[in-house]
Amino acid sequence: MAANLDLDQLRTFLAIADTGSFTRAAEIVHKTQSAVSMQMRRLEERVGKPIFLRDGRQSRLTEEGERLVHFANRMVKLNDETLSAFDDTELAGRVRLGTPDDYADRFLPEILARFSRSNPRSEVTVVCAPTPLLIDALRTRELDVAIVTHIPDRRPGMGEVVRREPLLWVSSARHAVHEEDPLPLALGRPTCDWRAAAVAALEEVRRPHKVLFASWNSTGVGAAVLAGLAVSVLPESAVRPGMRVLSESDGFPRLPMCEIALARSWLDRSPLIDALAGHIVSSLDNLAVPDVAMA
């Protein structure tokens with residue numbers, strides 16, 4: 001007789017697959033690391049195949065483990081959908097989330113996946129815009145929650161800081177544009193705080209520079225960087241493949257930390273908004289940063 005798979009073990013397995021770490025997965029599923037390890041040993045026994053390969057502190061999936069992710073996702077999702085169909089108290093409705101597009105690619109997949117699994121009857125409307133416009137939208141009640149860049153001395157009390165990352169100089173990994181004089185830059189518009197930080201840092205070390213590309217859209221700025229036309233600044237989580245990080249040894253001064261905050265409209269409160277805010281905090285707290293290449 002075939003053994004039944006345990007859904008709790010599958011949830012833990014998916015957390016490890018998402019984070020690549022038994023330690024971070026233990027925090028997500030609220031278990032001790034030894035309990036997580038025991039669960040995975042039992043899951044391997046039930047599957048009858050090894051599903052993990054140890055690689056230092058990271059845990060990589062075997063080929064059989066990769067196959068199991070597909071089935072585990074289906075089983076957990078079906079279980080949650082089945083229970084939600086008979087739960088009259090489940091959260092439902094629409095919630096409006098705002099984020100700069102710098103953060104959207106990196107943060108939204110994890111946040112939306114977690115929230116959707118827990119609240120399948122809810123609808124999330126996502127608006128991508130620069131932080132100042134998102135703050136205005138919160139004040140006018142056009143948004144419920146927003147992920148924003150926190151600048152305490154300019155916008156005090158605008159939200160709770162939920163993640164801190166270094167702000168980095170980035171260039172194309174295939175070009176040497178960072179050696180040009182004056183230094184060509186691709187930055188946000190004049191009101192952008194990252195632009196102000198970059199310009200101030202260069203002026204402090206008296207490095208000649210010129211802004212060649214300006215946009216509130218990170219895709220446009222990233223395109224200029226990847227094409228080898230200019231240098232820019234990005235938070236660590238926004239560094240993309242094909243970019244390399246420039247350091248002080250390359251003549252680039254240290255930049256301030258980037259503080260990412262959760263801001264919300266306190267005029268509109270609901271369990272659904274609270275639930276999304278909770279998923280944002282949890283997701284950003286557990287999100288691993290991508291590997292970045294140094295120049």
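Because the structure is a prediction, the values reported are computed rather than measured.
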query = Is D101 reaching over with its side chain to a backbone N or O of A104, donor-acceptor style, under 3.5 angstrom?
reply = no
task = Only counting residues at least two apart or in another chain, list the ones meeting side-chain contact (heavy atoms from CB on, under 4.5 Å) with L226.
result = R240, M243
inquiry  = Can a donor-acceptor pair be found, under 3.5 Å and without considering hydrogens, that links the side chain of N217 to the backbone of G220?
reply    = yes
ask   = Yes or no on side chain to side chain contact (heavy atoms under 4.5 Å, CB included) for L168 and L234, after CA distance, side-chain angles and deciding distance?
value = CA-CA 5 Å; L168 303 172; L234 290 174; 5.9 Å; no
Closest contact, heavy atoms only, L229 versus L212 = O-CD1, 4.2 Å
message = For residues 111-148, which residue pairs pass the ring-ring contact (aromatic ring centres under 6.0 Å, His included) check, not counting sequence neighbours?
response = F115-H279
Pairs meeting criterion ring-ring contact (aromatic ring centres under 6.0 Å, His included) with involvement of residues 199-254, two or more places apart = W169-F252
request  = Indicate whether the side chain of S282 and that of R114 have a donor and an acceptor atom separated by less than 3.5 Å.
outcome  = yes
request  = Output yes when R264 and D274 qualify as a salt bridge under the 4.0 Å nitrogen-oxygen rule, no when they do not.
outcome  = yes
request  = Start with the C-alpha distance between R67 and E64, add both sets of side-chain angles, then the distance that settles salt bridge (Lys or Arg N to Asp or Glu O under 4.0 Å), and finish with yes or no.
outcome  = CA-CA 5 Å; R67 289 180 58 200; E64 300 298 338; 3.1 Å; yes
message = To check you understand the geometry: which heavy-atom pair defines the closest contact between V47 and L68, and what is its length?
response = CG2-CD2, 4.2 Å
task = Applying side-chain contact (heavy atoms from CB on, under 4.5 Å), name anything that partners P182, two or more places apart in sequence or on another chain.
result = P208, K210
message = For the residue pair Y103 / T149, report whether a side-chain donor-acceptor contact shorter than 3.5 Å exists.
response = yes
task = Could you name each residue pair satisfying side-chain hydrogen bond (donor to acceptor under 3.5 Å, both in side chains) that touches residues 35-46, not counting sequence neighbours?
result = D8-Q39, T12-Q39
query = Taking only residues two or more places apart in sequence or in another chain, which ones pass salt bridge (Lys or Arg N to Asp or Glu O under 4.0 Å) with E204?
reply = none
ask   = Hey, do the aromatic rings of F13 and F71 have their centres closer than 6.0 Å?
value = no
